[in-house]
*Asks:* 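Quick one: the structure is below, questions incoming.
Both counts, for ligands and for their atoms, begin at 1 and track the order of listing.
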Amino acid sequence: MAVTVTVTWVRTSCVLLRIGAVHLLTDPWFAVGMRGLPVFRKPSILLKNLPKIDYILASHLHPDHFDVDAVRELTGRGAVVVGTVGTAAHLHRHSVLAEVVELLPWQRWSHGGLNVVATPALHTGPKPDEIGIWFEMSGFRCYFAGDQRFGPVFAQVGARLPRVDLALLPIGGTLIFGHRTTMDPADAVRAALVLRPRYILPIHEGGEWLPVPPASWHPGRCRDFLAKLATSGLDAVGLDAPPGIAATIPFEHPDHRADGEARCPTG
Ligand SMILES: [Zn+2]
């Protein structure tokens with residue numbers, strides 16, 4: 001049985017996924033400014049034009065990954081927020097009443113056919129800790145890496161959880177005062193080598209905003225990643241889907257797939 005899966009990169013790590021009739025949105029960010037600085041790359045889909053979102057998957061609470069005003073709007077339309085510990089208190093401070101599920105690394109949660117496993121994630125700290133999010137819906141499996149820098153987490157995810165159909169991997173390579181806080185294209189290929197996804201959408205290319213010192217202006221990183229992936233020896237397909245362009249991922253329900261892997265994580 002075929003399940004229709006489409007993925008649309010909105011901006012940064014904000015990605016819209018449709019799996020069958022269910023809509024999921026990762027790291028929502030629709031604001032046009034941040035911390036008093038202009039945002040150069042606008043969201044490719046306006047908040048008001050989104051379909052009804054069933055689940056928001058939030059890796060951490062940095063403002064370019066967790067837009068409180070957008071969360072207020074989307075939860076008002078029925079979205080459930082799945083995020084790191086501290087998400088509910090953060091929303092409470094902003095007077096947002098929402099259904100929030102907080103997960104520690106390796107904690108699991110299931111709801112309405114959605115199975116989620118939070119993973120550890122290396123990024124910037126301080127607390128609350130960031131998480132990666134492995135999830136499965138209608139047999140389609142995805143790993144959302146949020147805003148992570150490269151680390152042993154990816155090998156752990158590859159070893160402990162079933163192989164994913166799609167990995168959403170940041171590639172911006174952000175440097176904050178000389179410290180890498182987000183994977184660059186080479187890091188993302190290293191992550192893919194241990195995750196072994198069927199498809200990869202490179203996200204968080206950078207260039208959204210101009211911090212001091214300049215750290216996130218990286219035009220061309222998607223092309224760089226796709227070129228590195230093509231010579232990596234991996235059989236993963238890199239999706240060349242610019243923001244706002246929906247990519248359809250061919251997918252058969254696992255009962256009908258050749259790989260025979262278990263539908264749900266068992267480890
Ligand atoms: Zn961040």
Side-chain angles (χ1 to χ4, degrees), residues 9-16 24-43 56-71 81-91 93-94 100 102-105 118-135 142-154 157 167-188 190-191 201-218 221-222 225 243:
W9 183 18
V10 178
R11 175 178 66 177
T12 313
S13 293
C14 183
V15 176
L16 172 66
L24 307 98
L25 187 74
T26 64
D27 282 11
W29 188 36
F30 295 86
V32 294
M34 190 177 84
R35 293 176 175 145
L37 293 168
V39 174
F40 300 116
R41 293 192 177 188
K42 307 305 179 200
I56 294 170
L57 306 177
S59 65
H60 64 310
L61 299 174
H62 286 162
D64 51 341
H65 291 257
F66 194 85
D67 179 341
V68 170
D69 289 335
V71 172
V81 181
V82 182
T84 189
V85 171
T87 303
H90 185 67
L91 287 173
R93 280 193 294 276
H94 290 83
V100 179
E102 296 187 340
L103 297 177
L104 289 164
T119 77
L122 297 171
H123 179 37
T124 62
K127 289 185 181 302
D129 291 332
E130 297 83 2
I131 54 172
I133 301 176
W134 184 104
F135 60 96
C142 182
Y143 184 65
F144 170 55
D147 200 4
Q148 292 185 51
R149 57 188 159 89
F150 183 73
V153 167
F154 292 94
V157 172
L168 305 173
L169 301 179
I171 56 163
T174 307
L175 287 167
I176 303 291
F177 297 110
H179 295 282
R180 177 87 60 214
T181 62
T182 308
M183 291 193 292
D184 66 10
D187 291 332
R190 293 161 72 197
L201 179 67
I203 58 173
H204 202 333
E205 187 180 30
E208 293 88 352
W209 55 288
L210 188 65
V212 178
S216 74
W217 181 246
H218 308 304
R221 293 229 162 179
C222 282
F225 169 76

*Asks:* Taking atom types as modelled, is there a side-chain donor on D27 or S59 under 3.5 Å from an acceptor on the other?
*Replies:*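 Distance-only check passes for D27 and S59.
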*Asks:* When you measure from the side chain of T84 to the backbone N and O of H60, does any donor-acceptor pair fall under 3.5 Å?
*Replies:*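 Pair absent, no side-chain N/O of T84 close to backbone of H60.
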*Asks:* With no hydrogens and no angle check, is any side-chain donor or acceptor of R11 less than 3.5 Å from a backbone partner on W29?
*Replies:*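 Pair found, side chain donor or acceptor close to backbone of W29.
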*Asks:* Mind checking salt bridge (charged side-chain N to carboxylate O under 4.0 Å, His left out) for R190 and listing every partner two or more places apart, or none if nothing turns up?
*Replies:*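 Per chain and number, R190 pairs via salt bridge (charged side-chain N to carboxylate O under 4.0 Å, His left out) with D187.
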*Asks:* At a cut-off of 2.8 Å, list the protein N/O/S atoms near the Zn ion (ligand 1), residue plus atom name.
*Replies:*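 Near the Zn ion (ligand 1), the protein supplies H60 NE2, H62 ND1, H123 NE2, D147 OD2.
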*Asks:* Could you tell me whether a side-chain N or O of T26 sits under 3.5 Å from a main-chain N or O of V15, the two making a donor and an acceptor?
*Replies:*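 Such a contact is found between T26 side chain and V15 backbone.
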*Asks:* With distance as the sole test, does Q148 use its side chain to make a donor-acceptor pair with the main-chain N or O of P170 at under 3.5 Å?
*Replies:*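 No; zero donor-acceptor contacts below 3.5 Å.
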